[in-house]
Amino acid sequence: MIVNALTIDVEDYFQVAALAAHFPREQWDSVPCRVEDNVDRILALLAAREVHATFFILGWIAERYPQVVRRIAAGGHEIASHGYGHERASAMTPDALLADLVHAKALLEDISARSVRGYRAPSFSIGSGNLWAHELIAQAGYRYSSSVYPVRHDHYGIPDAPRFPYSPVKDLSEIPLTTVRACGRNWPAGGGGYFRFLPYALSRWQIARFNRIEGQAAIFYFHPWEIDPEQPRVKDASAKSRFRHYVNLDRTENRLIRLLGDFRWGRMDEVFRDQIS
Ligand SMILES: [Zn+2]
């Protein structure tokens, strides 16, 4: 049975792109954080099943909750970077992006005493307009990136990007999120909102199909706030944003438990050891 890669993007509910307009950056310090409890629940779920995963942690969270980073590392999980402030890579100048990449890596390494090799851009924000970002990710000292979603989506994605690990620049691998081919296009099969709003059986079928047909490991991702139905609700967000953020939050934990039982899971740096230079 193929070991797939389980990844968690560690950020809080008020940092996601869909709600960005409702939580300006300068208010983040005054919003009640829920990430610590949610990460603890995830760590307990994984420990009970002896699963190790990769946590792409936001520098902003690491700075305020260093104990969360240390607990993740102590659980045997991979510490990786989700950048510092959750700004889309595509919205930053090269200098600002490089500073964000370096700052987040140094923070996570200081706190965890582990070397950080992996990076995931906020909102999969490496697209055809900013492929130069890969050069900067390598320059900042990362060895792999998991930042390109080879799908068509209104906020991210490169529909015709490679579907399997490749090396965009020297000393860096890009390990794209999992897609399945059907009807002449790529369909997202790597978790996120789709995992919440479509039936669990579809996710299971997609991952099994990907493993069988491609003979490769899939990558699945979710966020701590996705197992937290009690989080404060933003009532004046658009209907689309509210749907994307809140649909089936109360079902996600049970779905994750099924997912953990239906497949074998591991850390990015171990699952893709041969593809990371
Ligand atoms: Zn994110």
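Index from 1, following the sequence.
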**OP:** Please find out if less than 6.0 Å separates the ring center of Phe195 from that of Phe220.
**Re:** yes

**OP:** Scan Asp262, Leu259, Leu202 and name whichever one has a side-chain contact (heavy atoms from CB on, under 4.5 Å) with Ile207.
**Re:** Leu259

Original post:
Can Ile227 and Arg41 be said to form a side chain to side chain contact (heavy atoms under 4.5 Å, CB included), step by step?
Top reply: CA-CA 9 Å; Ile227 57 161; Arg41 281 166 61 207; 4.0 Å; yes

**OP:** Kindly determine whether Tyr221 and His223 satisfy ring-ring contact (aromatic ring centres under 6.0 Å, His included), including the steps that lead there.
**Re:** CA-CA 7 Å; Tyr221 84 102; His223 304 91; 5.6 Å; yes

**OP:** Please say whether more than 12 non-hydrogen atoms of neighbouring residues, nucleotides or ligands are located less than 6.0 Å from CH2 in Trp28.
**Re:** yes

Subject >> Under 3.5 Å donor-acceptor, Tyr166 side chain and Pro176 backbone >> reply: no

Original post:
Taking the side chain as C-beta and beyond, is there a heavy-atom pair between Ile79 and Ile57 under 4.5 Å?
Top reply: yes

Subject >> For the student: nearest non-hydrogen atoms of Ala53 and Ile8, plus distance >> reply: CB-CD1, 3.7 Å

**OP:** Carefully, step by step, assess Asn186 and Val180 under the rule side chain to side chain contact (heavy atoms under 4.5 Å, CB included).
**Re:** CA-CA 6 Å; Asn186 299 339; Val180 293; over 6 Å; no

Original post:
So do the side chains of Leu249 and Trp225 get within less than 4.5 Å of each other, counting heavy atoms only?
Top reply: yes

Subject >> Residue Gln27 excluded, over 12 heavy atoms near CD under 6.0 Å >> reply: yes

Original post:
More than 12 heavy atoms of other residues, nucleotides or ligands under 6.0 Å from CZ of Arg49: is that the case?
Top reply: yes

**OP:** Begin from the C-alpha positions of Leu256 and Tyr200 and carry the test side chain to side chain contact (heavy atoms under 4.5 Å, CB included) through to its verdict.
**Re:** CA-CA 9 Å; Leu256 281 172; Tyr200 171 69; over 6 Å; no

Subject >> From CD (Glu135) to CG (Leu172), nearest 0.5 Å >> reply: 9.0 Å

Original post:
Have Arg163 and Thr179 got a donor and an acceptor in their side chains that come within less than 3.5 Å?
Top reply: yes

**OP:** Please check if any side-chain donor atom of His82 sits under 3.5 Å from a side-chain acceptor atom of Glu11, or the reverse.
**Re:** yes

**OP:** Would you sort out whether Gln15 and His86 count as a side-chain hydrogen bond (donor to acceptor under 3.5 Å, both in side chains), showing the intermediate values?
**Re:** CA-CA 7 Å; Gln15 294 169 318; His86 214 260; over 6 Å; no

Subject >> Side chains of Gln231 and His245, donor plus acceptor under 3.5 Å >> reply: yes

**OP:** Kindly determine whether Thr7 and Arg120 satisfy side chain to side chain contact (heavy atoms under 4.5 Å, CB included), including the steps that lead there.
**Re:** CA-CA 10 Å; Thr7 70; Arg120 173 169 290 152; 2.9 Å; yes

Original post:
Run the salt bridge (Lys or Arg N to Asp or Glu O under 4.0 Å) check on Glu36 and Arg71 step by step: do they pass?
Top reply: CA-CA 10 Å; Glu36 183 168 15; Arg71 260 179 252 150; 2.8 Å; yes

Original post:
Do Arg185 and Trp187 have side-chain heavy atoms sitting under 4.5 Å apart?
Top reply: yes

Original post:
What's the verdict on salt bridge (Lys or Arg N to Asp or Glu O under 4.0 Å) for Asp269 and Arg143, showing C-alpha distance, side-chain angles and the deciding distance?
Top reply: CA-CA 10 Å; Asp269 60 346; Arg143 308 312 291 269; over 6 Å; no

Subject >> Salt bridge present between Arg114 and Glu109 (N-O < 4.0 angstrom) >> reply: no

Subject >> Ring-face cation of Arg34 near Tyr13 (centre distance under 6.0 Å, axis angle within 45°) >> reply: no

**OP:** Mind checking the CE-CG spacing from Met92 to Leu97? Nearest 0.5 Å is all I need.
**Re:** 5.0 Å

Original post:
Atom CZ in Arg196, atom CD in Glu226: separation rounded to 0.5 Å?
Top reply: 4.0 Å

Subject >> Ring geometry between Phe243 and Phe197 (parallel below 30°, tilted from 30 to 60°, perpendicular above 60°) >> reply: tilted

Subject >> Any Ser30 side-chain heavy atom under 4.5 Å of Phe23 side chain >> reply: no

Original post:
Is the Tyr142 ring parallel, tilted or perpendicular to the Tyr119 ring (thresholds 30°, 60°)?
Top reply: tilted

Subject >> Separation between CG of Leu260 and CD of Glu50, rounded to the nearest 0.5 Å >> reply: 12.5 Å

Subject >> Donor + acceptor pair across side chains of Ser147, Ser145 (<3.5 Å) >> reply: yes

